[in-house]
Amino acid sequence: MRTAISPLVVKQPRTLKDALRMLRDDGPLTPLAGCTDVYVGLNFGTLRDARFLNIWGLDDLRGIDVRGDVLRIGALTTHAEIVRSVLVRRRLPMLAAACREVGAVQIQNRGTLGGNIANGSPAGDSLPVLAAAEAFVELRSAEWTRTVPFGEFYTGYRKSVMRPDELITAVEIPRVEGAQWFRKVGTRAAQSISKVVMAAVRASRPRIALGSVAPTVVRARSTEEALAAGGAIEEAQRLLQDEISPIDDIRSTEAYRRFVAANLLMQFWTDTAPRGRARPGVNRRTR
Ligand SMILES: Cc1cc2nc3c(=O)[nH]c(=O)nc-3n(C[C@H](O)[C@H](O)[C@H](O)COP(=O)(O)OP(=O)(O)OC[C@H]3O[C@@H](n4cnc5c(N)ncnc54)[C@H](O)[C@@H]3O)c2cc1C
């Protein structure tokens, strides 16, 4: 069985300090969090790594709290814990909505926010939320702690600024003003990877982020600017279709993704319209 880890090296740090020291002195080591992505990679033979660092037991990386006015979520916090969190549901409901859409309940109980970020799939459901929320990723090594704006974290398809001797330790999210909105369009209710996923905030400067339409999660800056300037939603839809770069793959076609992204933008704008201005007749089904 290819997922058996017995022939592989798995280091078991007891503390975060130990883990960071092992990454520095005994690396390269691939962190194991909930393993929901790692085991798929091992099973399919796409992950060749043989030396792992099991961080699952590091409780310092768990938990959700508010520090000052910043929501802080530990990297090992699972999707299920995020869905259940009153703090998240109050301050960042679009993240609770996104985590509720990740896989099915088994995956939500094991998969972590840090794993979703580090895995870096452009279809990762939490990623548009973190982009629209202008979150920060906290990275730690044995020597330093640094905080990277989420918008600067990814450098390309599944590539990021994270170094091999660093771990994601937490995500910090400043207060988000405005109405939050999230939709995932996939094939079925559970276990489906998104064809298009959008998170957005309706404020004087709207924020719109999408997944599965480019090599990384993207902010739709031109679309945001047009809406902030009072432009028509139909014009914003045209701009959005121009500024994304979806591809054809086994899950969907490029043309379908552009079409759906424009529909989602309209749905966002309609759902979050000030009372009395909502347009009737918009299709709210996302699957
Ligand atoms: C059946 C199934 C359905 C799924 N459905 C969805 C879905 O609907 N939406 C979605 O977004 N994802 C989905 N996933 C993917 C996966 O569950 C998520 O990406 C999950 O959040 C990964 O978290 P994990 O803790 O399991 O990561 P792991 O598998 O443990 O790790 C993933 C990667 O991140 C690295 N890593 C993990 N934690 C850290 C850290 N703290 N610091 C540095 N590197 C780290 C690992 O080394 C590895 O490279 C699905 C997976 C499966 C198997």
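Atoms within a ligand are numbered from 1 in the order they appear, just like the ligands themselves.
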query: Are Phe182 and Met198 connected in the hydrophobic side-chain network, where two residues link if heavy atoms are under 4.5 Å apart?
result: no
task: Give the single entry among Asn116, Leu23, Thr169, Leu113 that approaches atom 12 (N) of ligand 1 most closely by any heavy atom.
output: Asn116
- line: Taking every heavy atom of Arg110 against every heavy atom of Thr78, the minimum-distance pair comes out as O-CG2, 4.1 Å
message: Minimum distance, heavy atoms only, to atom 32 (C) of ligand 1: which one of Asp37, Leu29, Val197 is it?
response: Asp37
- request: Evaluate salt bridge (Lys or Arg N to Asp or Glu O under 4.0 Å) for Glu254 paired with Arg258, printing each intermediate quantity in order.
  value: CA-CA 6 Å; Glu254 182 239 316; Arg258 280 188 205 281; 2.5 Å; yes
field: Heteroatom proximity flag, Ile107 to ligand 1, N/O under 3.5 Å
entry: no
task: Would you mind telling me which of Ile73, Val83, Asp125 makes a side chain to side chain contact (heavy atoms under 4.5 Å, CB included) with Leu95?
output: Ile73
task: Take the angle between the ring planes of Phe150 and Tyr154 and call it parallel below 30°, perpendicular above 60°, tilted in between.
output: perpendicular
query: If you look only at pairs with a residue in residues 32-60, which of them pass as a salt bridge (Lys or Arg N to Asp or Glu O under 4.0 Å), with sequence neighbours excluded?
result: Asp59-Arg62
query: Between Ala132 and Ala199, which heavy-atom pair has the shortest distance, and what is it?
result: CB-O, 3.8 Å
query: Any N or O of Gly103 that comes nearer than 3.5 Å to an N or O of ligand 1?
result: yes
- request: Measure the spacing between CG of Leu113 and SG of Cys99 and express it to the nearest 0.5 Å.
  value: 6.0 Å
query: Evaluating non-hydrogen atoms only, which member of Leu32, Val40, Thr112 is closest to atom 25 (O) of ligand 1?
result: Thr112
query: What are the atoms of ligand 1, with element, lying closer than 4.0 Å to any heavy atom of Gly124?
result: 11 (O)
message: For ligand 1, which is the ligand I care about here, please tell me if Gly34 has any N or O atom under 3.5 Å from one of the ligand's N or O atoms.
response: yes
message: Against ligand 1, does Leu127 come closer than 4.0 Å with any heavy atom?
response: no
query: Does Met162 reach ligand 1 with a nitrogen or oxygen that is under 3.5 Å from one of the ligand's nitrogen or oxygen atoms?
result: no
task: Using a strict cut-off of 4.0 Å, indicate which atoms of ligand 1 neighbour a heavy atom of Asp125.
output: 7 (C), 8 (O), 9 (N), 10 (C), 11 (O)
Side chain to side chain contact (heavy atoms under 4.5 Å, CB included) evaluation trace for Phe268 with Arg183: CA-CA 9 Å; Phe268 155 59; Arg183 279 295 184 287; over 6 Å; no
- prompt: What are the atoms of ligand 1, with element, lying closer than 4.0 Å to any heavy atom of Ala33?
  reply: 25 (O), 30 (O), 37 (C), 38 (N)
- request: Would you mind listing which atoms of ligand 1 come within a distance below 4.0 Å of any non-hydrogen atom of Glu101?
  value: 8 (O)
field: Derivation and outcome, side chain to side chain contact (heavy atoms under 4.5 Å, CB included), residues Gln108 and Glu81
entry: CA-CA 8 Å; Gln108 290 171 16; Glu81 287 164 342; over 6 Å; no
- prompt: Is there a heavy atom of Ile193 sitting under 4.0 angstrom from any atom of ligand 1?
  reply: no
field: Residue selection (non-hydrogen contact nearest atom 37 (C) of ligand 1) among Gly115, Ser160, Pro164, Ser121
entry: Gly115
task: Please report the shortest heavy-atom distance between Ile168 and Gly114, naming the atom on each side.
output: CD1-O, 3.8 Å
task: Just go through Thr36, Val38, Leu58, Asp49 and tell me whose heavy atom is the nearest to atom 16 (C) of ligand 1.
output: Thr36
- prompt: If you measure every N/O of Lys184 against every N/O of ligand 1, is any gap under 3.5 Å?
  reply: yes
message: Would His79 count as being in polar contact with ligand 1, using the rule that some N or O on each side must be under 3.5 angstrom apart?
response: yes
message: So, regarding Ala75 and ligand 1 (criterion: nitrogen or oxygen to nitrogen or oxygen, under 3.5 Å), is there a contact or not?
response: no
- prompt: What do you reckon, does Gln106 put a non-hydrogen atom under 4.0 Å from ligand 1?
  reply: no
query: ligand 1 versus Pro31, non-hydrogen atoms closer than 4.0 Å: side chain, backbone, both, neither?
result: both
- prompt: Stepwise, does the side chain to side chain contact (heavy atoms under 4.5 Å, CB included) test hold for Phe259 with Thr253?
  reply: CA-CA 10 Å; Phe259 181 76; Thr253 63; over 6 Å; no
query: Counting from 1, what ligand 1 atoms have a heavy atom of Thr30 closer than 4.0 Å?
result: 47 (O)
field: Under 4.0 Å to a heavy atom of Cys35 - the qualifying atoms of ligand 1, by number
entry: 24 (P), 26 (O), 28 (P), 29 (O), 30 (O)
task: Taking only heavy atoms of Ala118 into account, list the atoms of ligand 1 that are under 4.0 Å away from them.
output: 34 (O), 35 (C), 36 (N), 44 (N), 45 (C)
- prompt: Would Glu143 and Arg24 pass as an ion pair if we require N to O under 4.0 Å?
  reply: yes
query: At under 4.0 Å between heavy atoms, which part of Ile55 makes contact with ligand 1: side chain, backbone, both or neither?
result: side chain
task: Starting from the C-alpha separation in whole Å, work towards a yes-or-no answer on salt bridge (Lys or Arg N to Asp or Glu O under 4.0 Å) for Arg219 and Glu224.
output: CA-CA 8 Å; Arg219 275 284 288 275; Glu224 291 177 0; 2.6 Å; yes
